[in-house]
Colleague: 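Mind looking over this structure? Questions follow.
Proteins come first, then strands; the chains are lettered A, B, ... in the order of their sequence lines, and each starts at number 1.
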Amino acid sequence: MDGVDKIFDSYAKNGLFENKAVLQANYTPETIPHRNKQIESVASILAPTLKGEKVSNLFVYGKTGTGKTLSVQHVGNRIEKRVKDSGDKKLRFLYLNCKLKKVADTEYRIIAELINKLGGKIPATGLPTDSVYKKFVEMVDSEKQVIILVLDEIDQAVEKISDGFIYSLTRLNSELVNSQICLIGISNSVTFMDNLDPRVRSSLGEEELVFSPYNALQLQDILRERANQAFKKGAVGDGIIAKCAAYAAREHGDARRALDLLRVSGELAEREGGNKILEKHIDAANSKIDRDKMVDIIESEPKQFQLVLKAIINLNDKKEGGGIYTGEVYNEYQNICEKTKSEVLTQRRIGDILAEFDMLGVINAKVISKGRQGRTREIKLMLSPNIREETDKILADALGN
DNA sequence: AGGTATTCACATGAAACTATTCTCTGAGTTAGG
DNA sequence: TAACTCAGAGAATAGTTTCATGTGAATACCTGT
């Protein structure tokens, strides 16, 4: 009876989870608490499709984890079911997440993916975009039907491609003879609409819907409902739910985060062999989630990014507290490249890489002007000590030294 | 002293280039009738 | 003659370089008191 057996034993005996899938990100719950109003709005906007009538395009926005995607999909499923039951009208509900890398982050791939969902076939590459587009129109228009097209994280798509793409989609209706198409855009950036072509804005934003963040009490309701299904009885106290909710509420009311927190807490408690989640598990889970996320990011970053990060870390160690500037980073970066015999990129490119690190929250870079000493980014490394440790390991590993 | 003009060290943008990935096409090759 | 193979053409993407333009404020330079 060694340690491994002991682990297996205790796992089999007192697993905390009844059904862990309930807490996972892709789970679709039966009910969606505190979103009735929004769901009804979506439903009333989409209702005309049941009669095959033209409906307004809809634009939905709200922070991550506020139930946007869930609500829209919920309504979509209901409509589809309804249509299937009554059986006369043809209606397709297409959901597409534009952020998924390698699936739908270019114009070509988005349309190709849509064609796939419609049941058509298209090679992953090798065809001119407009012929793919033509094929799409053809497929849509091949019979009399209504198509509800949901583009999730649409802001990502526009950033990568251009808004001309969406413009042509919104204008699609005029090209279609038989069918109707209804566009639903989902975005978590409120400002996304502002720097959009006015024509696109007006046609996409015929109807708008805002999902505001959940507050702590609402999060508690959500958690409680899911916890009931996910855990065995008695595993979760009420204080635990409240604490998870409070943590997540602090982070702009992100329900996904709250659920993650609960799940990871459960996993930690289980691993310790306990039969109950304790408060300390939540704290541990909280930092574990942050750490895992960051480590994941750094680990999966391409080599050049890691070299730049290494340069920043070196400088950070060398001059405790003092500001780090782009030029310094570039010099240090060049040194490291020389040592590791890597290709050296231009300063222009390093600037972009720094901006991306800033976006990811690895560093905090503020553009400041030092007067006669020019304009530059003032960079602060944002890795907490325990993440820092892991990072060093990863970098040493990846860069071989 | 107070007001302008300079100037620095990059930031930020746009366009062009490169390497790689993928499919399709058609020529040439092979195998079977 | 049909089936098969394989190089090359065309297209798209990611990552980068090249060229161009922008910019906030410390400093240098005036100006008139």
Colleague: May I have the distance from A/E378 (atom CD) to C/dT23 (atom C1'), rounded to whole angstrom?
Modeller: 17 Å
Colleague: Listed by chain and number, what are the side chain to side chain contact (heavy atoms under 4.5 Å, CB included) partners of A/L58, not counting sequence neighbours?
Modeller: A/V42, A/I45, A/V60, A/I184, A/E207, A/L209
Colleague: Whole-Å distance between B/dA11 P and A/I379 CD1?
Modeller: 8 Å
Colleague: Nearest whole Å is fine: how far is C/dT18 P from A/D352 CG?
Modeller: 15 Å
Colleague: Walk me through whether A/L46 and A/I148 qualify under side chain to side chain contact (heavy atoms under 4.5 Å, CB included).
Modeller: CA-CA 9 Å; A/L46 293 185; A/I148 300 173; 4.3 Å; yes
Colleague: Could you go over nucleotides 19-22 of chain C and give all protein N or O partners under 3.5 Å, atom names and distances?
Modeller:
none

Colleague: Kindly state each residue pair satisfying side chain to side chain donor-acceptor pair (under 3.5 Å) with at least one member in residues 37-46 of chain A, sequence neighbours excluded.
Modeller: none
Colleague: Is the phosphate of B/dA11 approached by A/T326 (side-chain N or O, under 4.0 Å from OP1 or OP2)?
Modeller: yes
Colleague: Could you tell me how far apart A/I350 (CD1) and C/dT18 (P) are, to the nearest whole angstrom?
Modeller: 14 Å
Colleague: Tabulate protein N/O versus nucleotide N/O from nucleotides 25-31 of chain C, keeping only pairs under 3.5 Å, one per line.
Modeller:
unit_1, atom_1, unit_2, atom_2, d
C/dA25, O4', A/S369, OG, 3.3
C/dA26, O4', A/R372, N, 3.4

Colleague: With side chain to side chain contact (heavy atoms under 4.5 Å, CB included) as the criterion, how do A/Y247 and A/D283 come out once you've worked through the C-alpha distance, each side chain's angles and the decisive distance to 0.1 Å?
Modeller: CA-CA 9 Å; A/Y247 266 150; A/D283 291 323; 2.4 Å; yes
Colleague: Check the phosphate of C/dT17 against A/T346, side-chain N and O only, distance under 4.0 Å to OP1 or OP2. Yes or no?
Modeller: yes
Colleague: If I compare all heavy atoms of A/L219 with all of A/A258, which pair ends up nearest, and what's the gap?
Modeller: CD2-CB, 4.4 Å
Colleague: Would you say the ring centers of A/F211 and A/Y61 fall short of 6.0 Å from each other?
Modeller: no
Colleague: Using whole Å, report how far CZ of A/R349 lies from C1' of B/dG13.
Modeller: 14 Å
Colleague: Under 3.5 Å, sequence neighbours excluded: what are the donor-acceptor pairs made by side chains of residues 293-303 of chain A?
Modeller:
unit_1, atom_1, unit_2, atom_2, d
A/S300, OG, A/D296, O, 2.9
A/S300, OG, A/I297, O, 3.2

Colleague: For A/V344 and A/Y330, run side chain to side chain contact (heavy atoms under 4.5 Å, CB included): C-alpha distance rounded to whole Å, both residues' side-chain angles, the deciding distance at 0.1 Å, then the answer.
Modeller: CA-CA 10 Å; A/V344 185; A/Y330 189 61; 4.1 Å; yes
Colleague: Taking atom C1' of B/dC8 as reference, at what distance in whole Å does atom CZ of A/R377 sit?
Modeller: 17 Å
Colleague: So which heavy atom on A/P29 is nearest to which on A/R226, and how close?
Modeller: CG-NH2, 3.5 Å
Colleague: What is the distance, rounded to the nearest whole Å, between atom CG of A/D358 and atom P of B/dA11?
Modeller: 12 Å
Colleague: Which pair of non-hydrogen atoms, one from A/D358 and one from A/A365, has the smallest distance, and what is that distance?
Modeller: OD1-N, 3.2 Å
Colleague: Reckon A/V344 touches a base, only the sugar-phosphate, or nothing at all at heavy-atom distances under 4.0 Å?
Modeller: sugar-phosphate
Colleague: How large an angle, rounded to 10°, do the end axes of the helix from B/dA1-C/dT31 to B/dA31-C/dT1 enclose when each is built from five base pairs?
Modeller: 10°
Colleague: Considering all heavy atoms of both residues, which atom of A/R35 and which atom of A/P213 are nearest to each other, and what is their separation?
Modeller: NH2-C, 4.3 Å
Colleague: Atom CD1 of A/I353 to atom P of C/dT16: distance rounded to whole Å?
Modeller: 6 Å
